[in-house]
Number of protein chains: 2
Amino acid sequence: MSVPLHFAVKTRLVGLLEELGEGAALPPERTLAKEFGVSRWTMRQAIRELIADGRLRARQGQGTFVATPKLIQPLALVSYTEALRAQGQKPGRELVAFEEIEADELLSEQLGIAVGDPVHRLERVLLADGQPIGLETTYMSVARFPTLRDVLKPEGSLYRCLTDELGVRFGEGEELVETVIATPREADLLKATQSLPMLLLHRTSRDTDGRPIEAVRSLYRGDRVGFRATLRP
Amino acid sequence: MSVPLHFAVKTRLVGLLEELGEGAALPPERTLAKEFGVSRWTMRQAIRELIADGRLRARQGQGTFVATPKLIQPLALVSYTEALRAQGQKPGRELVAFEEIEADELLSEQLGIAVGDPVHRLERVLLADGQPIGLETTYMSVARFPTLRDVLKPEGSLYRCLTDELGVRFGEGEELVETVIATPREADLLKATQSLPMLLLHRTSRDTDGRPIEAVRSLYRGDRVGFRATLRP
DNA sequence: AAGTGGTCTAGACCACTCC
DNA sequence: GAGTGGTCTAGACCACTTG
């Protein structure tokens with residue numbers, strides 16, 4: 001065999017997906033495996049890849065369904081709320097944690113403070129039309145933003161809060177993008193299948209005076225989200 | 001069991017990796033599985049995730065090794081050659097195909113030409129220190145760049161050729177980023193493990209007059225490469 | 001020839017959802 | 001309870017690299 005069997009199965013499945021519409025249910029894995037004459041493992045490998053590609057969605061106890069196309073988010077210093085509305089999606093957030101921690105070496109460098117200084121740690125699940133698409137963890141200096149806990153509504157826009165209430169003016173920022181496999185905790189919070197590739201973004205942003213504002217770690221579901229950047233020469 | 005067994009194994013393996021240095025060989029899968037008291041499948045699942053995370057590299061017939069950190073490439077309209085040199089890596093390219101095709105609907109729209117018009121299709125493997133890290137497919141209008149085949153050296157920089165020899169001045173561009181699973185053909189060209197997550201970039205760029213220059217599909221090894229973007233408000 | 005990772009099978013049990 | 005996807009086992013054979 002020249003190509004792996006599970007890839008041939010994947011190719012045949014793509015044809016099946018396109019016949020069925022978006023949202024349609026696939027036959028059960030065991031049935032498909034029998035029909036295709038392969039083991040359940042091989043069938044699952046093919047399905048697993050189609051899930052990672054964003055073509056299928058699996059729900060335990062329910063079945064496997066043809067997925068809707070990925071959302072495209074802007075890679076820019078803009079509000080998540082506005083970006084989602086621009087795509088006709090209803091934005092939402094779920095608070096996971098809002099606590100105070102001590103800066104480690106990396107955070108102290110990113111935020112321009114000393115090791116051990118107090119840091120806000122805000123962890124929220126990002127929702128699009130009620131579906132989790134990302135897990136965002138924001139770190140900000142408590143010394144610089146002492147009133148953050150009082151003025152930020154946990155489900156509200158952090159960017160709007162910073163610009164409107166705290167008078168912050170965003171300057172330049174830097175974003176790193178890579179793929180990783182989510183931990184079980186992260187996959188659970190995102191209601192995503194385990195061991196599937198995610199997009200990990202690391203952002204640091206500064207105000208117009210060059211002072212650090214925030215360090216953000218955002219984990220987005222690789223099967224549901226892509227990003228768009230505008231390039232300048 | 002609260003977390004999957006393969007995740008507990010993964011966590012223990014991370015500790016082992018850190019004891020061994022970069023480039024060190026791991027014990028064989030079968031040995032590790034026996035030592036950890038798990039099946040080979042479970043061990044492979046853990047190893048597979050560490051490979052996707054860029055922590056391990058597997059070479060068939062040789063063994064599994066602790067990987068070097070990911071390369072960070074700029075997400076900008078800059079030469080691949082210069083970007084790699086800036087990181088102390090030796091850039092290289094391997095020609096896979098350089099042919100003329102007819103524009104389909106998508107290409108005609110991206111390149112501002114009619115469906116069926118001739119299009120250059122240039123497919124090259126991008127190398128860093130001799131290792132494949134990406135597969136780049138560039139589409140350009142033959143009518144606009146009729147001499148491209150004559151002036152471009154297959155292993156040379158396309159950007160340098162365009163700017164220096166053909167007088168092209170790059171204006172704005174747009175880049176889309178997402179994760180996908182490579183096809184077996186793509187994985188082979190990248191000498192990568194099958195079924196591992198990749199970073200897929202789609203770029204369209206225009207000159208300073210707003211005329212389309214190129215449409216590019218770049219598939220980068222998700223285990224070896226990350227990207228950095230500069231954000232402006 | 002031996003040893004490595006890569007693919008595949010058959011089958012078991014668990015976790016979850018719906019009836 | 002029945003049916004679904006999720007995890008895990010034991011074992012087989014293939015493909016590749018090295019001695």
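Computation of the quantities below employed the complete heavy-atom set of this structure, encompassing side-chain atoms and omitting hydrogens, waters and symmetry-equivalent molecules. Chain letters run A, B, ... following the sequence lines, proteins first, then strands; residues in each count from 1. Being a predicted model, the structure only gives us computed values, none of them experimental.
- Every residue two or more places apart in sequence or in another chain was checked for a ring pair (Phe, Tyr, Trp, His ring centres under 6.0 Å) with A:F7, and none qualifies.
- With sequence neighbours left out, the side chain to side chain donor-acceptor pair (under 3.5 Å) criterion links B:R228 to A:E174.
- Residues satisfying the salt bridge (Lys or Arg N to Asp or Glu O under 4.0 Å) test with A:E18, not counting sequence neighbours, are A:R55.
- Rounded to an integer number of Å, the gap from A:R48 CZ to D:dT7 C1' is 11 Å.
- Every side chain to side chain donor-acceptor pair (under 3.5 Å) that B:T42 has, sequence neighbours left out, goes to B:S39.
- Set against D:dG6, C:dC8, D:dC8, the side chain of A:P4 has C:dC8 as its closest nucleotide.
- Residues of residues 186-195 of chain B that place a heavy atom closer than 4.0 Å to DNA chain C, in numerical order, are B:T193, B:Q194.
- Closest contact between the side chain of A:R30 and the listed nucleotides C:dG5, C:dC13, D:dT7 involves C:dC13.
- Partners of A:R59 under the salt bridge (Lys or Arg N to Asp or Glu O under 4.0 Å) rule, at least two apart in sequence or in another chain, do not exist in this structure.
- Among residues two or more places apart in sequence or in another chain, the side chain to side chain donor-acceptor pair (under 3.5 Å) test is passed with A:S195 by B:E49.
- Contacts of B:Y159 classified as ring pair (Phe, Tyr, Trp, His ring centres under 6.0 Å), with partners at least two apart in sequence or in another chain: B:F170.
- One interatomic measurement links the two molecules: CD1 of B:I51 to C1' of C:dT4, which rounds to 13 Å at whole-angstrom precision.
- Among C:dG5, C:dT7, D:dG6, the nucleotide with an atom closest to any side-chain atom of A:A58 is D:dG6.
- Here A:E29 pairs with A:R40, A:R44 under the side chain to side chain donor-acceptor pair (under 3.5 Å) rule; sequence neighbours left out.
- Between the side chain of B:D129 and the main chain of B:K90, a donor-acceptor pair closer than 3.5 Å is present.
- Checked by distance alone, A:R59 brings no side-chain donor or acceptor within 3.5 Å of a matching partner on the base of D:dG5.
- The backbone N or O of A:L127 sits nowhere less than 3.5 Å from a side-chain atom of A:E94 that would complete a donor-acceptor pair.
- Taking atom CD of residue A:E29 and atom P of nucleotide D:dT7, one finds them 11 Å apart after rounding to whole Å.
- With rounding to whole Å, A:I47 atom CD1 is found 15 Å from D:dT7 atom C1'.
- Across the protein-nucleic acid pair, B:K10 atom NZ and D:dC8 atom P stand 13 Å apart, rounded to whole Å.
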Are there any protein N/O atoms within less than 3.5 Å of an N/O atom in nucleotides 9-11 of chain C, and if so, which ones and at what distance?
unit_1, atom_1, unit_2, atom_2, d
C:dT9, OP2, A:S39, N, 3.0
C:dT9, OP2, A:S39, OG, 2.5
C:dT9, OP2, A:T42, OG1, 2.2

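- Atom CG of A:L196 and atom C1' of D:dT7 are 15 Å apart (whole Å).
- The nearest whole Å value for the distance from the CZ atom in A:R57 to the C1' atom in D:dT4 is 16 Å.
- Under the side chain to side chain contact (heavy atoms under 4.5 Å, CB included) criterion, B:T193 pairs with B:I51, B:L196, sequence neighbours left out.
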With the criterion being N/O to N/O and under 3.5 Å, what pairs connect the protein with nucleotides 16-19 of chain D, and how long is each?
unit_1, atom_1, unit_2, atom_2, d
D:dC16, O4', B:Q60, OE1, 3.4

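- Distance CZ (B:R44) to P (D:dC8): 16 Å, rounded to an integer number of Å.
- Counting only distance, with no hydrogens or angles, the side chain of A:E175 and the backbone of A:L201 share no donor-acceptor pair below 3.5 Å.
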